[in-house]
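Values in this document were obtained by computation on a predicted structure and should not be read as measured data. First listed ligand is number 1; within each ligand, the first listed atom is number 1.
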Amino acid sequence: MKYVLVTGGVVSGLGKGVTASSIGVVLKACGLRVTSIKIDPYLNTDAGTMSPFEHGEVFVLDDGGEVDLDLGNYERFLDVRLTKDNNITTGKIYQSVLEQERRGDYLGKTVQVVPHITEAIKNWIESVSHIPVDGKEGPADVCVIELGGTVGDIESMPFIEALRQLLFSVGQNNFCLIHVSLIPVLGVVGEQKTKPTQHSVRELRALGLTPHFLACRSAEPLLENTRQKLSQFCHVPVSNILNIHDVPNIWHIPLLLRSQNAHDAILTHLELQSVANTPNLQEWTDRAETFDNLTNSVRIAMVGKYVGMADSYLSVVKALLHACIACSLKPAIDWIAASDLEDDNALSTPEAQATAWRTLKNAACILVPGGFGDRGVKGMLLAAKYARENRVPYLGICLGMQISVIEFARNVLGMERANSSEFDKDTPNPVVIFMPEGSKTHMGSTMRLGSRRTLFQTPDCLTAKLYRNSEHVDERHRHRYEVNPEMVNTLEKSGLKFVGKDETGKRMEILELKDHPFYVGAQFHPEFKSRPGRPSPLFLGFILAAIGQLGPYLQNPLNGSL
Ligand code: GLN
């Protein structure tokens, strides 16, 4: 196993995850098999309990792992299926060490950060790197490890030490360290400053790690004398100084790395030249260039709760992007804070309410993504009602599907207080209820998580056709509440059809509204399995409906560029 460790310095938010996944893409394009590990030095065991406001979306894996959103980047860039163990946190490591301690495995020894925690980290990395994630047998050739946070953070110390030990045990030729840093430009002279990078490299070296490569983030390309300076002061050969300057879209980054011969330098360091080919990045080149040249766009209203933080719905945004590109369109996403639509706001913030409604009415389609808690629910119900009544394409994901059921029950079936028991425990019409998958008595881990099968109830529905007439589909879940099976008949009689159900027939997975161009709800999250070049069928259908092309597409799905 060859390891590529990516660390970050100077500031957070440098795009370390995108850099690390792009390095993976270039190595994969050379014919190597690549896997990845993300280390998050925080104490949370996983990202499941973390607020999207603070930390961005919680990404969900096939095995039900609730992980950092960077794993989504790896899955999308490398087209792999990761496991929950590919995301290491301080919480997970301590938990495993403490379990061993309680079992008495340390035979009376004092259990310490060094060597026990560091040993556990090393073992975890070595064993997880061997899990195949690309559908083939046997371990990958290269494992890209991204260390979250910035070098020097107190909480990442044990990881740095463990990685130093790992390097020592596997040897320099099996371990390559790439340090991502920032080259800011200051003042009127506009000089590229290398000092912050020098400091963070010094910090790394003080901890026993010397970077073999620098990946310098900058607005403009690095000047020759900046490179020389960096090389001299950071002890990195000029040929190993990579530069990730600002580019029009992130798909350019693997291309940028290739143009700087990053692959040659990395492969030489790892002694892999003999098994690697010249990188083939045709698909990436086409996609990056196509996107730059797109002129038409489609307006999509995203009505959610966490709209203040761009990363809260990262995978939904990516899935929209994948679907739009397949239709030769740029997505123009209008974020609407669901609560702004609510009537209560007419008095307190009339302008915000008016703007929210104007934006909603201007959109070609409306998406209500997943969420928890009752804030904004009233606004989401209004958005769903508007989409239903005005025949605007609607995609409701997880909470968005539950919203469409509540809205339908209230406004079509006349059940005024219909609700989800998540929002109103005493509702006389619980159309959405708590349906634990395992224990009915235990509240912990009662979320229905990960890949579950949906069976289409009839081939004669929009979504089955979008999924290319398959009989079933496996998508990822993350929810506690579900459509009340006792209400299904009543809802169906009035035109809300549950065209996808789980294998027991008790869990409603997909709904469609009769006589509407596209009104679809999914209890699962189709966004997590969308890939560039392979958009999620539900997102594709949604965008096609927004531009009036769904009919022609369904007649001949293999036609044209789609
Ligand atoms: N809060 C809802 C539930 O738990 C929806 C969850 C979601 O949208 N991910 O079922």
Y74 and E146: CA distance, side-chain angles, deciding distance, side chain to side chain donor-acceptor pair (under 3.5 Å) verdict: CA-CA 10 Å; Y74 289 113; E146 178 192 347; 2.6 Å; yes
Using a 4.0 Å cut-off on heavy atoms, what residues surround ligand 1? Order them by chain and number. G370, G371, F372, C398, L399, Q402, E422, R478, H479, R480, Y481, H525
Pairs in or reaching into [range]: which pass side-chain hydrogen bond (donor to acceptor under 3.5 Å, both in side chains), with residues at least two apart or in two chains?
range: residues 374-395; result: D344-K378, R388-E407
range: residues 529-543; result: E75-R531, D79-R531, D79-R534, H322-S530
range: residues 494-505; result: D502-T504

W284 vs F77 aromatic rings, parallel, tilted or perpendicular, using cut-offs 30° and 60°? tilted
With side chain to side chain donor-acceptor pair (under 3.5 Å) as the criterion, how do H55 and D311 come out once you've worked through the C-alpha distance, each side chain's angles and the decisive distance to 0.1 Å? CA-CA 8 Å; H55 207 78; D311 279 352; over 6 Å; no
